Amino acid sequence: MKTIIIDNAEDLKSFIETLKEKDVKEIGLDFEGESNLHRYGLHLCLIQICDGADIYLIDPIAIKDISPLKEIFEERSITKIMCACDFDVKLLKETKGIKLFNIFDVHYGAKAVGIEKLSLGNIVETYLNIELSKSRKKQKANWNVRPLKETMIEYAAADVRYLIKLKEVMSAELKEKNVWSSFIEKCEKLEELELPKDKPPHLTVKGVGLLNREQRHIFKHIYYARDFVAQKLDKPVYQIIPNSELLKISKIIPKTEQEWEQLYEEHKTTKKHKVMLRKAVERGLKK
């Protein structure tokens with residue numbers, strides 16, 4: 001099984017045409033992405049597809065417009081076999097406006113039949129007696145960086161290599177144990193997942209509910225000021241000032257020069273962005 005990298009629009013179009021010519025009815029699918037880990041915001045970094053014959057690594061950083069994949073991802077006659085795809089569904093929908101239909105999630109399949117360890121490695125070993133590489137600790141790797149290291153390519157390919165075979169073996173057990181219907185119902189609900197938008201982002205931070213009215217108001221101002229700086233620098237927000245520090249500042253609410261200087265000394269991460277912080281606090285106090 002070859003691993004083929006697709007990093008231009010022409011090859012992507014050709015790949016989709018090949019899938020249609022083969023009349024592929026199921027694909028192993030995975031995504032590598034991140035939310036405020038190495039860069040600001042939410043990013044789709046890599047798409048892995050296995051059609052049963054080969055593995056394709058599609059680069060959405062190099063290919064700005066991946067909308068041609070919408071036809072495949074939203075086609076209900078094609079089963080998308082995935083593992084623990086909750087974040088992936090939200091990621092694709094939020095960053096590219098593309099939905100995933102007809103999902104078969106082996107994580108929930110394994111859970112339905114009572115398997116306790118639900119990592120992909122353990123599921124593959126349990127069903128196929130194949131041990132995935134022990135050096136699979138790439139969850140926090142920077143998938144934004146190009147070119148990808150060989151170890152990252154191997155990791156990404158392994159995530160989809162056995163999914164089609166897993167579905168075949170797992171389906172039989174799900175039906176045998178009479179949990180097929182409930183499993184399919186769970187997979188159908190995955191299609192509806194979206195990032196929560198019912199609350200303003202600053203109110204979702206753990207601990208903000210313990211602030212009083214004035215403190216919450218100050219927190220709101222410094223939260224969005226920090227967000228602006230992080231976006232401008234394309235850095236994750238925690239690298240600017242962590243949430244824990246913002247909460248502490250909101251409780252102190254420095255007003256005099258002495259209080260500001262004391263704040264900088266006690267909270268080292270604030271020094272680099274003290275102008276931004278001070279202006280945000282002053283805006284909050286005025287309002």
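These numbers come from a predicted model, not from an experiment.
Remark: Lys235 is not positioned above the aromatic ring of Tyr40, lacking an NZ or CZ atom under 6.0 angstrom from the ring centre and at most 45 degrees off the axis. Cation-pi contact between Lys80 and Phe104: absent, since separation from the ring centre below 6.0 Å together with deviation from the ring axis within 45° is not met. Arg226 forms a cation-pi arrangement with Tyr223, by the criterion of a distance under 6.0 Å to the ring centre and an angle within 45° of the ring axis.
Between Thr79 atom OG1 and Leu163 atom CG the span is 12.5 Å, to the nearest 0.5 Å. Note that CG of Leu19 is 7.0 Å distant from CD1 of Ile27, once rounded to the nearest 0.5 Å. Note that CG of Leu92 and NZ of Lys99 are 11.5 Å apart. Values are rounded to the nearest 0.5 Å. A distance of 5.5 Å separates CG of Leu193 from CG of Asp86, quoted to the nearest 0.5 Å. The distance from atom CE of Met276 to atom CD1 of Ile240, rounded to the nearest 0.5 Å, is 7.0 Å. To the nearest 0.5 angstrom, Ile72 atom CD1 is 12.5 Å from Ile66 atom CD1.
In this structure, the side chains of Tyr108 and Leu190 come closer than 4.5 Å at one or more pairs of heavy atoms. A 4.5 Å side-chain heavy-atom check between Ile249 and Leu277 finds at least one atom pair inside the cut-off. A 4.5 Å side-chain heavy-atom check between Tyr238 and Asn243 finds every atom pair outside the cut-off. Counting heavy atoms from C-beta on, the side chains of His43 and Ser35 never come closer than 4.5 Å. Between Asn122 and Ile115 the shortest side-chain heavy-atom distance falls below 4.5 Å. Side chains of Ile81 and Val106 form a contact here, defined as non-hydrogen atoms less than 4.5 Å apart.
The ring-ring contact (aromatic ring centres under 6.0 Å, His included) check on Phe87 picks up nothing, with sequence neighbours excluded. Residues satisfying the side-chain contact (heavy atoms from CB on, under 4.5 Å) criterion with Glu94, sequence neighbours excluded, are Leu42, Leu195, Lys197. With sequence neighbours left out, the side-chain contact (heavy atoms from CB on, under 4.5 Å) criterion links Glu150 to Ile153, Glu154. For Asn129, the side-chain contact (heavy atoms from CB on, under 4.5 Å) test picks out no residue, with sequence neighbours left out. Qualifying ring-ring contact (aromatic ring centres under 6.0 Å, His included) partners for Tyr162, counting only residues two or more places apart in sequence or in other chains: none.
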I would like to know whether Glu34 and Asn142 meet side chain to side chain contact (heavy atoms under 4.5 Å, CB included); could you show each step before the answer?
CA-CA 9 Å; Glu34 66 161 68; Asn142 189 353; 4.1 Å; yes
Checking side chain to side chain contact (heavy atoms under 4.5 Å, CB included) for the pair Leu46/Leu148: CA distance, chi angles, key distance, verdict?
CA-CA 10 Å; Leu46 193 67; Leu148 292 172; 4.1 Å; yes
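Under the 3.5 Å distance criterion, the side-chain polar atoms of Asp54 are matched with a main-chain donor or acceptor of Lys2. Using a distance-only test at 3.5 Å, with no hydrogens or angles considered, no donor-acceptor pair links the side chain of Glu125 to the main chain of Ile130. Within the 3.5 Å criterion, the main-chain N or O of Gly41 finds a donor-acceptor partner in the side chain of Asn36. Using a distance-only test at 3.5 Å, with no hydrogens or angles considered, no donor-acceptor pair links the side chain of Ser14 to the main chain of Glu10. Looking only at distances, a side-chain donor or acceptor of Glu259 sits under 3.5 Å from a matching main-chain atom of Thr256. In this structure, Asp105 contributes its side chain and Cys85 its backbone to a donor-acceptor pair below 3.5 Å. Here the side chain of Asp234 pairs no donor or acceptor atom with the backbone of Arg39 at under 3.5 angstrom. Put simply, the side chain of Lys96 never gets that close to the backbone of Lys93: no donor and acceptor are under 3.5 Å apart. When atom types are taken as modelled, the side chain of Asn102 and the backbone of Arg76 share a donor-acceptor pair closer than 3.5 angstrom. Although no hydrogens or angles enter the test, the distance criterion places no donor-acceptor pair under 3.5 Å between the side chain of His38 and the main chain of Trp143.
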Side-chain donor-acceptor pairs of residues 176-189 under 3.5 Å, sequence neighbours excluded:
from: Lys177; atom 1: NZ; to: Glu173; atom 2: OE2; distance (Å): 2.9
from: Ser182; atom 1: OG; to: Val179; atom 2: O; distance (Å): 3.0

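Residue Ile98 comes nearest to Ser67 through the heavy atom pair CD1-CA, 4.4 Å, listed as atom of the first residue, atom of the second, then distance.
Between Lys111 and Glu116 there is no salt bridge, since no side-chain nitrogen of the basic residue lies less than 4.0 Å from a carboxylate oxygen of the acidic one. Salt-bridge annotation for Lys25 and Asp23: present, with a side-chain N of the basic residue lying under 4.0 Å from a carboxylate O of the acidic one. Ionic pairing of Lys20 and Glu17 is present here: one or more N-O contacts between side-chain nitrogen and carboxylate oxygen are shorter than 4.0 angstrom.
Donor-acceptor pairing under 3.5 Å is recorded for the side chains of Glu75 and Ser77. A donor-acceptor contact closer than 3.5 angstrom is absent between the side chains of Asp11 and Tyr56. Looking at Gln262 and Glu266, their side chains do bring a donor and an acceptor atom within 3.5 Å of each other.
Heavy-atom neighbours of Lys279 NZ from other residues, nucleotides or ligands within 6.0 Å: at or below the threshold of 12. Other residues, nucleotides and ligands contribute over 12 non-hydrogen atoms within 6.0 Å of the NZ atom of Lys90. Within 6.0 Å of NZ in Lys167 there are more than 12 heavy atoms belonging to other residues, nucleotides or ligands.
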